[in-house]
Amino acid sequence: MNKNGKFSPKVIEIDATSVSRQIEEKIRDIVLRGLRRRGAVVGLSGGIDSSVAAALCAKALGKDRVLGLFMPETESSEESLRLGRQLSERLRIPAITENIAPTLEALGCYRCRDEAIRKVIPEYGEGWKSKIVLPNLVDSSVYALYSVVAQSPSGETRRVRLTLESYLGLVAATNFKQRTRKMLEYYHADRLWYAVAGTPNRLEYAQGFFVKNGDGAADFKPIAHLYKSQVVQLGRYLGVPEEILLRPPTTDTYSLEQSQEEFYFSLPLATMDLCLYGKNHGVPVAEVAGAAGLSADQVQRVFTMIDSKLSATRYLHLPPQLIEPVAEVAVSRSC
């Protein structure tokens, strides 16, 4: 709440200087003292989250103790690589490019993806582009079912509801991308004795917008407690290039341009921030609606969607499940 007690976007404003210092100290504590590693590896996507995570690591550990990784593939946006390089040059951190397209081709990522789409669009093949999307759940009470949007080589676009079989096959195939990138992050972390930094913000972390053992894997996650709007505020304080700050969040996973909104969140991220904050803090629906520019019914649908995603993605946060508890053995420390 702000000073007059009214719920508004101001509740998400932060003291960026103070927050940055707190996170920097925590990074040093985790990486150097807790994990006993020498530095950090950050996968750079050209987006705001990875840029802020890298900037925080550079301030906390020193620019020479942070390695940036660019991991493009056949369907990556050229903007992602260009902006990622711009960020590494701004921070003056070393960076390496690893083209993961040959690995994905060998694993069958593209072939399995195409086969899944052909279950609903038989003619889908070479030269076609695609993405998957959700309906606008704020303006509709329809059930959240994914559709594939496919564009033929001639430019004709089709939108077809995915069956459960085709949806699962398509997602399983594209998850190769996140898991391959994480494999490379850990390769470089192992050879340098570094820790791997995860880059999800609070919306992504809390709502399960990540791939298990893919971009969900990390040794530490420095911004997972921050709402997206707070990450942007912190990025501006840290000197992240304005072009990155203003770039619309994208999945950069499918061959057609795709926003995070149409893929997963179903409404603008600033609005989602307010709704999630309001729900987390028990703010009445009517007050959230007024601040977010939505009706009370729309906010209630968003709250229901938040609960649904929390339930559906709970397993993503779980460690491997044991048949029996295994007691930890205390490690003695010599004086």
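When a residue number appears, it is its place in the shown sequence, counting from 1.
The side-chain heavy atoms of Glu185 and Leu69, taken from C-beta on, include a pair separated by under 4.5 Å. Within the 4.5 Å cutoff, the side chain of Val52 has no heavy atoms near those of the Pro222 side chain. Val288 is listed as a side-chain neighbour of Phe303, based on a closest heavy-atom distance under 4.5 Å. Side-chain contact check for Thr180 versus Met71: every heavy-atom pair is 4.5 Å or farther apart. The closest side-chain heavy-atom distance from Glu25 to Arg28 is below 4.5 Å. Contact annotation: the side chain of Asn201 never approaches that of Gln230 to less than 4.5 Å [non-hydrogen atoms, C-beta and beyond]. Using a 4.5 Å heavy-atom threshold, the side chains of Leu256 and Val149 count as touching. A 4.5 Å side-chain heavy-atom check between Asp215 and Pro200 finds every atom pair outside the cut-off.
Using a 4.0 Å cut-off between charged nitrogen and carboxylate oxygen, Glu123 and Arg158 count as a salt-bridge pair. Salt-bridge annotation for Lys221 and Glu204: absent, with no side-chain N of the basic residue lying under 4.0 Å from a carboxylate O of the acidic one. Between Arg37 and Asp219 there is no salt bridge, since no side-chain N of the basic residue sits under 4.0 Å from a carboxylate O of the acidic one. A salt bridge does not link Asp273 to Arg202: none of the charged side-chain nitrogens sits closer than 4.0 Å to a carboxylate oxygen. With respect to Glu115 and Arg111, a salt bridge is recorded, a charged nitrogen being found less than 4.0 Å from a carboxylate O. Ion pairing of Glu75 with Lys129 is absent here, as no side-chain N (NZ or NE/NH1/NH2) approaches a carboxylate O to less than 4.0 Å. Between Glu79 and Arg247 there is no salt bridge, since no side-chain N of the basic residue sits under 4.0 Å from a carboxylate O of the acidic one.
Within a 6.0 Å radius of CZ in Arg191, other residues, nucleotides and ligands contribute more than 12 heavy atoms. Applying the 6.0 Å contact sphere to CD of Glu78 captures no more than 12 heavy atoms from other residues, nucleotides or ligands. Crowding of Arg314 atom CZ: a count of heavy atoms from other residues, nucleotides or ligands under 6.0 Å not exceeding 12. For Glu324, the CD atom counts as loosely surrounded, since its 6.0 Å shell holds 12 or fewer non-hydrogen atoms of other residues, nucleotides or ligands. Within 6.0 Å of the CZ atom in Arg82, the count of heavy atoms belonging to other residues, nucleotides or ligands exceeds 12. Within a 6.0 Å sphere centred on CZ of Arg65, heavy atoms belonging to other residues, nucleotides or ligands number 12 at most.
The aromatic rings of Tyr277 and His281 sit parallel, their planes meeting at an angle under 30°, below the 60° perpendicular limit.
Formation of a donor-acceptor pair under 3.5 Å by the Ser311 side chain with backbone atoms of Ser308 is not found in this model. At least one donor-acceptor pair under 3.5 Å links the side chain of Lys212 to the backbone N or O of Tyr315. Side chain of Arg90 to main chain of Val240: no donor-acceptor pair is present (N/O by atom type, distance under 3.5 Å, no hydrogens or angles). In terms of modelled atom types and a separation under 3.5 Å, the side chain of Trp193 and the main chain of Arg36 share a donor-acceptor contact. Ser50 places a side-chain N or O within 3.5 Å of a backbone atom of Ser45 that can act as its donor or acceptor partner. Between the side chain of Ser88 and the backbone N or O of Arg85 there is at least one donor-acceptor pair closer than 3.5 Å. Side-chain N or O atoms of Arg159 include none that pairs as donor or acceptor with a backbone N or O of Ser147 at under 3.5 Å. Counting only distance, with no hydrogens or angles, the side chain of Gln233 and the backbone of Ile14 share a donor-acceptor pair below 3.5 Å. At least one donor-acceptor pair closer than 3.5 Å links the side chain of Ser255 to the backbone N or O of Ser130. The closest donor-acceptor contact from the side chain of Ser20 to the backbone of Ala16 lies at 3.5 Å or more, if one exists at all.
Arg236 CZ to Ile48 CD1: the interatomic distance, rounded to the nearest 0.5 Å, is 8.0 Å. Separating the OG1 atom in Thr313 from the CD atom in Gln207 is a distance of 6.5 Å, to the nearest 0.5 Å. Distance check: Ile121 CD1 to Trp128 CH2 gives 6.0 Å after rounding to the nearest 0.5 Å. For the atom pair Leu276 CG and Thr271 OG1, the distance stands at 12.5 Å (nearest 0.5 Å). We find the OH-CZ distance between Tyr146 and Arg161 to be 13.0 Å, quoted to the nearest 0.5 Å. Atom CG in Asn175 sits 11.5 Å away from atom CZ in Phe210 (nearest 0.5 Å).
Across all their heavy atoms, Phe7 and Glu287 have their closest contact at CD2-O, 3.7 Å. Closest non-hydrogen pair, Thr74 versus Ala101, comes out as OG1-CB, 3.4 Å. Between Leu87 and Pro241, the shortest heavy-atom distance links the atoms CD2-CD, 3.8 Å. In terms of heavy atoms, Ala173 sits closest to Arg113 at CB-N, 3.5 Å. Across every non-hydrogen atom of Ala195 and Leu35, the tightest pair is CB-CD1, 3.9 Å. Contact between Ala218 and Ala197 at its shortest, heavy atoms only, is CB-C, 4.1 Å.
Under a hydrophobic-cluster definition in which Ile, Leu, Val, Met, Phe, Trp and Tyr are linked whenever side-chain heavy atoms come within less than 4.5 Å, directly or via other members, Ile93 and Leu56 are assigned to the same cluster. Residues Leu32 and Ile23 share a hydrophobic cluster, clusters being chains of Ile/Leu/Val/Met/Phe/Trp/Tyr side chains in contact below 4.5 Å. Cluster membership for Leu67 and Leu91, using ILVMFWY side-chain heavy atoms within less than 4.5 angstrom, is not shared. By the criterion of side-chain heavy atoms lying less than 4.5 angstrom apart, applied directly or through intervening Ile, Leu, Val, Met, Phe, Trp or Tyr residues, Ile223 is not grouped with Leu316; the two fall into different hydrophobic clusters. Put simply, Phe220 and Leu238 are part of the same group of oily side chains (I, L, V, M, F, W, Y) that touch within less than 4.5 Å, one to the next.
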- Message: Between Tyr124 and Asp114, is the side-chain contact (heavy atoms from CB on, under 4.5 Å) condition met? List the steps.
- Response: CA-CA 7 Å; Tyr124 188 90; Asp114 292 354; 3.3 Å; yes

- Task: Take Cys275 and Leu294 through the test side-chain contact (heavy atoms from CB on, under 4.5 Å) and record every step on the way to the result.
- Result: CA-CA 10 Å; Cys275 290; Leu294 302 172; 4.1 Å; yes

- Give the intermediate values and the outcome of side-chain contact (heavy atoms from CB on, under 4.5 Å) for residues Leu81 and Ser76. CA-CA 8 Å; Leu81 185 57; Ser76 296; over 6 Å; no

- Query: Does the side-chain contact (heavy atoms from CB on, under 4.5 Å) test come out yes or no for Lys26 and Asp29, once each step is laid out?
  - Reply: CA-CA 5 Å; Lys26 195 64 177 178; Asp29 185 55; 4.2 Å; yes

- Item | Working for side chain to side chain donor-acceptor pair (under 3.5 Å), residues Asp252 and Ser80 | CA-CA 8 Å; Asp252 202 19; Ser80 297; 2.7 Å; yes

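Proximity of the aromatic rings of Tyr205 and His225 is defined here by a centroid distance below 6.0 angstrom, and this criterion is not met.
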Pairs under 3.5 angstrom only: tabulate donor-acceptor contacts from the side chains of residues 163-170 to other protein residues two or more places apart or in another chain.
unit_1 : atom_1 : unit_2 : atom_2 : d
Thr163 : OG1    : Ser166 : N      : 3.1
Thr163 : OG1    : Ser166 : OG     : 2.8
Ser166 : OG     : Thr163 : N      : 2.9
Ser166 : OG     : Thr163 : O      : 3.0

